[in-house]
Amino acid sequence: MSTHLSAAPDAWATLGNAYDNDSQFWDAWLQCCRRGLPDLQELAVVLADDADIGPFLPALMWPEADGVSPQMALLCERALDIRTPLQQVQDGRLLLALPLLVQGQLHGVLAAALPGNSSMRFAVDWLKWGMGWALSRQGISSDEHGEFSERLLQALDLLMLVLGEQNAHDAAHAVVTEMAVQLGCERVAVGFASRRHIKLKSLSHSAEFAGRQDLAANLERAMNEAADQGSALLFEAGSDAAPGLRIDREHRLLAERFEASHILSVPFSLDDDRYGVFVFEWQCDKVPAAPLHLAQTLPPIVGRMLLDKQHAERRWWQRARDAARGEMRRLFGPLHAGRKLFALCSVLLLLFFALAHGDYRVSASSQLEGAVKRTIVAPFDGFVAAAYARAGYVVPKGGLLARLDDRDLQLENSKWNSTQSQYLNQLQDAQAQSDLSQIQISIAQSEQAAAQKSLSETMLARASIRAPFAGFIVAGDLSQQLGGAVKKGQTLFEIAPLDSYRIILNVDEADIDQITVGQGGELIVTAMPGERFPFRVSLVTSVAQTREGKNTFRVEATMLGKHPKLRPGMEGIAKVDIGERKLFWIWTHSLFDWLRLSLWSWLGW
């Protein structure tokens, strides 16, 4: 059997028309029960083929079609044995079992399981209506049951009337007017609770009652009188004071001022905050038993539907308020131990984070650079003869990096060497002839040739490109340019030392005001995520730059200690130690800063 919940109007219509189809009838019956009792946990209907004789077989089991819990099964058996309604609270659940008795004959049992804090009176009222439909479905034919079936159909008409209206106000007016007609009442009124006080909602045969404030005020006082006592209150003109502890003073005043001979007030409720009262008034010597009985049994069901409709029309702030109230009741009322434990843990965590302190650190992306970076350029125009190192190599001081083609330089050096020898021979000849002028000329020419020779020797030495210090080649690769031309001053290599680094931090502008020179921190590079490298901030620049869509500031830090595994160009995440702050502030200050900026931008606050 399907337990799918279709729309409520379809369920009520099906319930009244599906007597010939078991599956449709019980499906609609179950939907109506779940609609009236949303906290329903288990439901069972056991019916007999022959009254009192049996066999008693299950007609409906929910939520499991093959059976119910052992506690409910035992309660059903006891109710069948002693033919008496039973209730039991066990494991935080309220179990109810109602025997289906008609004229002393036992036709079965109806049992339900609800949360332990459910209203038993309302649950019993609703289940009694379910019993009526179950008996009607069995086709029990007696005058008494015929009248009962007629009352069920009248109730169904009223429920369909409620569901057919667009809003709660129209539904309430249609229901009280129809009740007045069906029950022969002079007036029928309904009121709903508002801040613990009943307010008149609708009056039969009158769309507006603004001009009848005296009647409305008296009706509200009578409704509150019945609601405060929590049960139906019947007043008959000429009768003495209500028996026992019952109070009917407001009902008596209402009857005297507006000439009503009989007044019946019937409270109904959905929960502790949602309840109301129906007031029925007759002007006759004696009210027939059937309308009086129907007036007493209709309000719990019809009133529930009206409250449901009104509840569904709440505004958003009312929904939020009611949700907050419901949550508070669960937290501070009985049961819901898991929710209370969760709330307690949340409060303790909140207090801990609000009072506890922790280390506040500013995080920033970072790159590693050498403290010094030497650029090696081509000493002269020439061609690459050989390459011995490239970017990524670690080279010692004076290590050979590359060599330029020096053949032209060697020829030039040989030329100037020969020229110098020639000028020296001329000098000797001039000295032998005592030619003073030629001696001066030869000396000058010899010195010029020596200078040119020294220059060519220096250029020959520079043809071998060597590392000025031990370090790491950051850039430069001539292995792909062998035989290629290079220009004087062209960059060939960039070298950084291995024992001296600086860290470049790109700090977000929202955090730059927290950074000062001298603060410490730690760096983790992508290549070695398991190691931390300490540093100290050495420079905070005031120049901003855009990186990945964010405005950042350049901050420089000095690496503390020597770390041979590090290499210039490595990237990672650096965290600068700012000091101790409250944990709550650490985790929420960014959000509050954003809110302040947003409020300033939008509202100018």
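Worth knowing before you read on, the calculation uses all heavy atoms, side chains too, and leaves out hydrogens, waters and symmetry mates.
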Interatomic distance, [X] atom [atom1] to [Y] atom [atom2] [nearest 0.5 angstrom]:
X: His336; Y: Leu331; atom1: NE2; atom2: CG; value: 9.0 Å
X: Met223; Y: Asn218; atom1: CE; atom2: CG; value: 11.5 Å
X: Asp593; Y: Ser598; atom1: CG; atom2: OG; value: 10.5 Å
X: Arg93; Y: Met72; atom1: CZ; atom2: CE; value: 6.0 Å

Hey, is the main chain of [Y] close enough, under 3.5 Å, to the side chain of [X] for a donor-acceptor pair?
X: Ser346; Y: Phe342; result: yes
X: Thr84; Y: Ile82; result: yes
X: Gln229; Y: Ile247; result: yes
X: Asn167; Y: Asp170; result: yes
X: Gln318; Y: Arg315; result: yes
X: Ser204; Y: Val188; result: yes
X: Lys201; Y: His173; result: no
X: Gln514; Y: Ile578; result: no
X: Gln283; Y: Glu259; result: yes
X: Arg319; Y: Ala312; result: yes

Of the non-hydrogen atoms in [X] and [Y], which two are nearest, and what is the gap between them?
X: Ala189; Y: Leu219; result: CB-CD1, 4.0 Å
X: Leu106; Y: Pro99; result: CD1-CB, 3.9 Å
X: Leu307; Y: Ser269; result: CD1-C, 4.2 Å
X: Glu64; Y: Met61; result: O-CB, 3.2 Å
X: Ala112; Y: Leu43; result: CB-CD1, 3.9 Å

**OP:** Compute whether any side-chain donor of one residue and acceptor of the other, for His251 and Glu225, lie under 3.5 angstrom apart.
**Re:** yes
Subject >> Asn224 and Arg221 side chains, donor-acceptor separation under 3.5 Å >> reply: no
When you compare the side chain of [Y] with that of [X], does any pair of heavy atoms fall below 4.5 Å?
X: Val277; Y: Val266; answer: no
X: Leu96; Y: Leu114; answer: yes
X: Leu292; Y: Leu234; answer: yes

Subject >> Ring centre gap for Tyr360 and His589 strictly below 6.0 Å >> reply: yes
Original post:
Can you say whether the rings of Trp282 and Phe280 are parallel (under 30°), tilted (30 to 60°) or perpendicular (over 60°)?
Top reply: parallel
Original post:
With the threshold set at 4.0 Å, does a side-chain nitrogen-carboxylate oxygen contact exist between Arg78 and Asp81?
Top reply: no
Subject >> Glu509 bridged to Lys550 by N-O distance under 4.0 Å >> reply: no
Original post:
So is Arg581 actually on top of Trp585's ring, under 6.0 Å and inside 45° of the axis?
Top reply: yes
**OP:** Give a yes or no on this: more than 12 heavy atoms of other residues, nucleotides or ligands lie within 6.0 Å of atom CZ of Phe258.
**Re:** yes
**OP:** Take Asp27 and Gln31, measure what side chain to side chain donor-acceptor pair (under 3.5 Å) needs, and give me the verdict at the end.
**Re:** CA-CA 6 Å; Asp27 181 60; Gln31 292 179 51; 2.7 Å; yes
Original post:
Passes ring-ring contact (aromatic ring centres under 6.0 Å, His included), Phe278 versus Phe268? Steps please.
Top reply: CA-CA 8 Å; Phe278 272 97; Phe268 58 90; 5.4 Å; yes
